[in-house]
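As the structure is a computational prediction, the values presented were derived from the model and not from experiment.
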Amino acid sequence: MPGENEIPELKKIEPYRTPKGVHDVLPEDHQFHTYIKKVIRHRARQAGFKRITTPAFEYTGLFARGIGEGSDIVSKEMYTFEDKKGRSLTLKPESTAGVVRSYIQHGMQQLPQPVMLFYIEPQFRYDRPQKGRYRQFWQFGFEILGESDPALDAQIIQLANKINEDLGIAGILELQLNTIGTPESRKKYIQVLQDFYVGKERSLCETCKYRLDKNVLRLLDCKEEDCQILAKLAPPMGDYLDKESLEYHDKLKSYLDELGIKYTENPKIIRGLDYYTKTVFEFWDSEKGAQNAIGGGGRYDGLVELMGGEPTPAVGYAAGMERVIASMKREKIRVPSKDNLHIFVAQLGEMAKKKCLTLIDDLREAGLKTMGALGKGSMNVQLRMADKFNVPYTIIVGLTEVREGNVIIRDMKKGVQEKIPVEKAVDRMIELIGEKNLDRYTPGELIY
Ligand code: HAM
């Protein structure tokens with residue numbers, strides 16, 4: 001026991017780190033996020049999509065029913081918890097189920113169809129973390145609800161393609177396309193596939209052994225080598241699909257050809273969510289590796305009805321931001337940064353500090369990105385800071401300048417400076433930085 005006057009030894013506190021599988025989006029990556037979001041919003045507006053945000057958590061049943069009890073997401077990857085009243089809630093692992101719930105809940109069937117929605121949201125999956133696979137990640141996605149036509153599937157794919165082009169990664173992505181037909185025609189095939197795997201169970205990976213009863217179709221797109229060898233020998237799904245699904249698929253392909261969009265037909269694309277009907281597709285990064293799908297989607301004509309709404313066809317797509325950013329970085333693509341400062345304001349003395357507060361505000365209002373050193377450092381320390389922030393200009397206000405009503409503008413690159421009256425500082429800085437480089441705040445006019 002320490003004596004009364006003894007000071008207990010201070011233990012060094014172990015700093016917290018992020019939980020496994022999640023990460024901070026640091027300023028450098030936010031530049032990518034901002035750029036990608038701009039592209040998404042622009043392309044969405046052009047095509048008539050409106051933005052929707054559904055809650056971060058929903059009733060667990062929504063996902064279990066929508067995505068499917070037998071899917072990997074529902075059986076293994078959900079963040080499920082009980083609230084204080086014992087209701088089972090789940091952090092959303094994807095947005096389509098929530099969008100469909102919202103479509104029904106808010107009577108969107110009454111709106112002119114199709115209803116076109118887009119989202120940019122964080123998702124949560126208790127996945128095994130590795131490169132490109134996280135427990136919280138960002139998705140952007142598009143959904144078209146209320147109409148069924150292969151031309152709409154083609155449009156969703158074209159939209160995804162345009163975004164890939166805008167982000168400079170279209171060249172390294174391959175569109176993988178398949179049809180999994182209607183649920184009725186699939187039933188027959190599922191039986192055939194289960195029969196095919198009888199006696200071959202021992203060659204399957206642990207996950208596929210589990211999937212055999214619950215979701216045998218997923219055995220076709222397993223990445224494990226032995227499973228792939230068997231999948232190659234499995235009877236092709238196309239032989240069992242109904243005529244309507246096959247015709248639908250042929251039409252979609254003819255529309256993609258018309259739009260000049262290249263695709264690879266891949267009968268092994270099944271997708272990990274149970275709600276798909278007919279069209280399924282993924283964009284693959286050609287770089288070898290397990291996490292090569294940067295985005296995926298397809299048609300889900302039965303989901304609205306499954307969720308309790310009127311039968312409503314729909315099609316959609318979602319991509320993972322982290323994977324998109326990783327592909328962009330690998331291709332050495334950089335995004336324009338608006339974060340660089342124009343001016344550093346250095347001051348000395350209480351009077352100067354006061355004057356600088358309004359000066360900094362005036363400079364910022366004019367669209368000049370300005371940082372003020374309002375701490376207590378000496379002039380030398382402040383000038384070194386200006387150097388570190390890599391600003392092109394520093395405005396210096398010392399005691400003499402306050403007395404004279406002047407400021408000094410220092411060109412940091414050339415090392416030359418000029419003295420001008422404080423009231424001319426903003427105009428002179430605009431001249432030096434250039435009108436076109438100003439960062440003026442223009443959110444649009446409020447309507448009263
Ligand atoms: P998904 O294929 O499960 O589809 O996810 C879409 C994309 O989200 C993936 O291609 C990948 O880029 C990203 N993603 C998925 N899991 C992770 C993870 N653990 N870490 C990082 N990124 C990940 C869907 O979610 C469907 N809702 C797409 C859709 C919309 N279908 C119709 N409409």
Side-chain angles (χ1 to χ4, degrees), residues 40 44-45 47-71 73-75 77-83 85-125 139-153 155-156 159-160 180-184 186 245 248 271-280 296-319:
I40 309 295
R45 261 199 316 269
F49 285 84
K50 302 228 169 83
R51 186 155 178 186
I52 185 168
T53 302
T54 56
F57 58 85
E58 302 259 8
Y59 287 122
T60 303
L62 175 84
F63 301 119
R65 178 175 272 227
I67 302 168
E69 300 271 7
S71 65
I73 294 179
V74 173
S75 62
E77 295 171 3
M78 295 212 296
Y79 276 97
T80 298
F81 57 98
E82 275 192 3
D83 71 2
K85 289 259 168 74
R87 289 169 286 227
S88 180
L89 302 171
T90 293
L91 295 183
K92 66 169 142 190
E94 61 107 48
S95 292
T96 312
V99 168
V100 167
R101 194 253 322 121
S102 181
Y103 177 85
I104 301 167
Q105 181 173 342
H106 299 288
M108 291 189 218
Q109 269 130 335
Q110 310 312 320
L111 300 174
Q113 306 291 304
V115 171
M116 298 163 75
L117 301 167
F118 79 103
Y119 47 85
I120 308 172
E121 300 176 333
Q123 311 288 350
F124 307 86
R125 294 186 192 178
Q139 266 189 356
F140 59 83
F142 301 86
E143 314 288 351
I144 304 180
L145 299 111
E147 227 172 83
S148 173
D149 194 294
L152 292 175
D153 305 32
Q155 284 214 315
I156 278 272
L159 179 64
I180 55 169
T182 56
E184 301 78 54
R186 222 154 48 212
S245 296
Y248 190 97
R271 308 274 300 132
L273 309 101
D274 288 0
Y275 48 62
Y276 292 111
T277 50
K278 298 181 183 156
T279 310
V280 284
R299 180 155 282 286
Y300 48 98
D301 288 346
L303 188 57
V304 179
E305 196 179 3
L306 187 71
M307 296 290 198
E310 296 297 313
T312 308
V315 63
Y317 168 74

Novice: If I compare all heavy atoms of Phe63 with all of Thr90, which pair ends up nearest, and what's the gap?
Specialist: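 Smallest interatomic distance, heavy atoms only, reads CE1-O, 3.6 Å.
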Novice: Backbone N or O of Thr312 within a donor-acceptor pair of the Asp301 side chain at under 3.5 Å?
Specialist: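 No, because the side chain of Asp301 does not come within donor-acceptor range (under 3.5 Å) of the backbone of Thr312.
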Novice: Would you say OH of Tyr59 has more than 12 non-hydrogen atoms from neighbouring residues, nucleotides or ligands within 6.0 angstrom?
Specialist: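 Result for OH/Tyr59: open.
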Novice: For Thr96 and Tyr275, test the side chains for any donor-to-acceptor distance below 3.5 angstrom and give the result as yes or no.
Specialist: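 Present: a donor and an acceptor within the cut-off.
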Novice: Do Arg186 side-chain atoms and Gly181 backbone N/O form a donor-acceptor pair below 3.5 Å?
Specialist: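 Side chain of Arg186 to backbone of Gly181, a donor-acceptor pair under 3.5 Å: yes, one is there.
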Novice: As a test of understanding, state which of Glu58, Glu121, Glu77 forms a salt bridge (Lys or Arg N to Asp or Glu O under 4.0 Å) with Lys92.
Specialist: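 Among Glu58, Glu121, Glu77, the one meeting salt bridge (Lys or Arg N to Asp or Glu O under 4.0 Å) with Lys92 is Glu121.
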Novice: Hey, could you give me the CD1/CZ distance between Ile180 and Arg271, rounded to the nearest 0.5 Å?
Specialist: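 Those atoms lie 9.5 Å apart.
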Novice: Quick check: do Met116 and Phe142 have side-chain heavy atoms less than 4.5 Å from each other?
Specialist: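 Result no, sub-4.5 Å side-chain heavy-atom pair not found.
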Novice: To the closest 0.5 Å, what do you measure between CD1 (Ile120) and CD (Gln139)?
Specialist: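 It is 11.5 Å, given to the nearest 0.5 Å.
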Novice: Of all heavy-atom pairs between Asp274 and Gly70, which one has the smallest distance, and what is that distance?
Specialist: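 Answer, listing the atom of Asp274 first, then Gly70: OD2-N, 4.3 Å.
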Novice: Do we see a donor-acceptor contact under 3.5 Å between the side chains of Thr277 and Thr182?
Specialist: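 Their side chains do not contain a donor-acceptor pair, so the 3.5 Å distance test is not met.
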Novice: Taking side chain as C-beta onward, heavy atoms only, is Val304 less than 4.5 Å from Leu145?
Specialist: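 Of all side-chain heavy-atom pairs linking Leu145 with Val304, at least one is under 4.5 Å.
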Novice: Using a 6.0 Å cut-off, check whether atom CZ of Phe57 has over 12 heavy atoms from anything other than its own residue.
Specialist: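 Atom CZ in Phe57 is not packed in, count stays at 12 or less.
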Novice: Please find the pair of heavy atoms, one from Ser71 and one from Gly68, that lie closest to each other, and give the distance.
Specialist: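 Answer, listing the atom of Ser71 first, then Gly68: OG-O, 2.7 Å.
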Novice: Using modelled atom types only, decide if a donor and an acceptor are shared between the side chain of Glu143 and the backbone of Leu117 within a distance under 3.5 Å.
Specialist: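 Flag not set: sc Glu143 to bb Leu117 has no pair under 3.5 Å.
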Novice: Which pair of heavy atoms, one from Pro93 and one from Gln123, lies closest together, and at what distance?
Specialist: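 So the two residues come closest at C-OE1, 3.5 Å.
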Novice: Between Gln109 and Glu310, do the side chains contain an N or O donor and an N or O acceptor separated by less than 3.5 Å?
Specialist: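 Judged by distance alone, the side chains do not pair up.
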Novice: Quick one: does Asp153's side chain get under 4.5 Å of Gln155's, heavy atoms only?
Specialist: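 A side-chain contact under 4.5 Å is absent here.
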Novice: Under 3.5 Å, side chain of Gln105 to main-chain N/O of Tyr103, donor-acceptor pair present?
Specialist: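 A pair under 3.5 Å: no.
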Novice: Roughly how far, to the nearest 0.5 Å, is the CZ atom of Arg101 from the CE atom of Met307?
Specialist: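 Here the rounded value is 9.5 Å.
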Novice: Do you know which two heavy atoms are closest between Ile52 and Ser102, and how far apart they sit?
Specialist: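 Looks like CD1-OG, 3.6 Å.
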Novice: Between Val100 and Tyr300, does a side chain to side chain contact (heavy atoms under 4.5 Å, CB included) hold up when you go through it step by step?
Specialist: CA-CA 10 Å; Val100 167; Tyr300 48 98; 3.9 Å; yes
Novice: For residues Gly298 and Tyr276, report the shortest heavy-atom separation together with the two atoms involved.
Specialist: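 For Gly298 and Tyr276, the tightest heavy-atom pair comes out as N-CE2, 3.5 Å.
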Novice: Does Leu159 reach the side chain of Phe49, with side-chain heavy atoms less than 4.5 Å apart?
Specialist: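 When only atoms from C-beta onward are counted, Phe49 and Leu159 do touch, with a gap below 4.5 Å.
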Novice: In sequence, state the C-alpha distance, the side-chain angles, and the governing distance for Arg299 and Tyr248, and then conclude on side chain to side chain donor-acceptor pair (under 3.5 Å).
Specialist: CA-CA 11 Å; Arg299 180 155 282 286; Tyr248 190 97; 2.7 Å; yes
Novice: How many angstroms lie between atom OG1 of Thr80 and atom CG of Leu89, to the nearest 0.5 angstrom?
Specialist: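 One finds 9.0 Å between OG1 of Thr80 and CG of Leu89.
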Novice: Kindly compute the distance separating CD1 (Ile40) from OH (Tyr119), expressed to the nearest 0.5 Å.
Specialist: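 Output value for this atom pair is 11.0 Å.
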Novice: Look up atom CZ in Phe118 and atom OG1 in Thr53, then write down how far apart they are to the nearest 0.5 Å.
Specialist: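 That separation rounds to 8.5 Å.
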